[in-house]
Undergrad: 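Following this message is one structure expressed as structure tokens.
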Amino acid sequence: ETPSIQWVEAEKARLEIDQAWLEVAKARLENEKVWLQLEKEKARIEVEKARMEAAMATVEAEKTRVEEMRAQVEVERMQADAADRVRQKMVEAERARAEAAERAERVQLQAADKVKASGAVRVARGTEVIQLALKEVEEKQLKHESGEQSTQSVTQNHGHQPLCGEP
């Protein structure tokens with residue numbers, strides 16, 4: 001028996017429907033494939049973005065390290081300048097101390113000269129007073145021996161001649 005036209009037509013329609021389902025399935029697979037490729041590309045972009053962020057963090061860390069090194073160099077320079085200023089002040093203080101010591105030595109020498117001079121004057125005055133006192137004692141002894149007593153020279157000026165500047 002030969003198939004009827006209706007059955008052939010129905011079979012043909014069923015085959016076209018199956019073909020359409022295959023086309024839909026194929027389109028879905030293509031869509032899934034594209035979607036997977038998009039997801040894969042998205043993941044690759046995320047990885048690349050993370051690499052770039054890591055590289056930026058490395059650059060920032062290096063910049064920070066360089067700034068710290070610059071700051072350290074600046075601190076060391078300031079410390080060296082301060083040490084130089086301290087050394088300079090110490091040299092100036094030593095020079096001033098030496099100059100003061102020289103001035104003090106000169107003053108001491110001048111004072112010693114004045115003391116020597118005034119000591120010589122005192123010695124001379126003392127010698128003069130002793131000589132006058134001895135002279136008076138001798139006069140007293142002579143007068144005592146001769147019986148004469150002269151109280152005027154002994155009581156006047158408490159037994160010595162007036163010195164320069166004394167009343």
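Keep in mind that what you see is a predicted model, and the values were worked out from it rather than measured.
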Undergrad: Evaluate the side chain to side chain contact (heavy atoms under 4.5 Å, CB included) criterion for residues Glu62 and Thr58: first the C-alpha distance (whole Å), next the side-chain angles of each, then the deciding distance (0.1 Å), finally the verdict.
TA: CA-CA 6 Å; Glu62 186 64 20; Thr58 301; 5.6 Å; no
Undergrad: Can you tell me how far the CD atom of Glu53 sits from the CD atom of Glu60, to the nearest 0.5 Å?
TA: 12.5 Å
Undergrad: CD of Glu138 to NZ of Lys135: how many Å apart, nearest 0.5 Å?
TA: 9.5 Å
Undergrad: To the nearest 0.5 Å, tell me how far Lys63 NZ sits from Glu68 CD.
TA: 13.5 Å
Undergrad: How long is the gap from CD on Glu48 to CZ on Arg44, to the nearest 0.5 Å?
TA: 6.5 Å
Undergrad: Can Glu92 and Arg95 be said to form a salt bridge (charged side-chain N to carboxylate O under 4.0 Å, His left out), step by step?
TA: CA-CA 5 Å; Glu92 290 171 6; Arg95 187 179 319 125; 5.6 Å; no
Undergrad: Can you measure from CD (Glu41) to CG (Leu38) and round to the nearest 0.5 angstrom?
TA: 8.0 Å
Undergrad: Do Arg70 and Val66 touch side chain to side chain, with heavy atoms closer than 4.5 Å?
TA: yes
Undergrad: With distance as the sole criterion, is a donor-acceptor pair present between the side chains of Glu76 and Gln72 under 3.5 Å?
TA: yes
Undergrad: Is the number of heavy atoms from other residues, nucleotides or ligands under 6.0 Å of Glu74 CD greater than 12?
TA: yes
Undergrad: How many angstroms lie between CD1 in Ile45 and NZ in Lys42, if you round to the nearest 0.5 Å?
TA: 9.5 Å
Undergrad: Are more than 12 heavy atoms, taken from residues, nucleotides or ligands other than Leu134, located less than 6.0 Å from that residue's CG atom?
TA: yes
Undergrad: Please set out all donor-acceptor pairs under 3.5 angstrom arising from side-chain atoms of residues 21-34, sequence neighbours excluded.
TA:
none

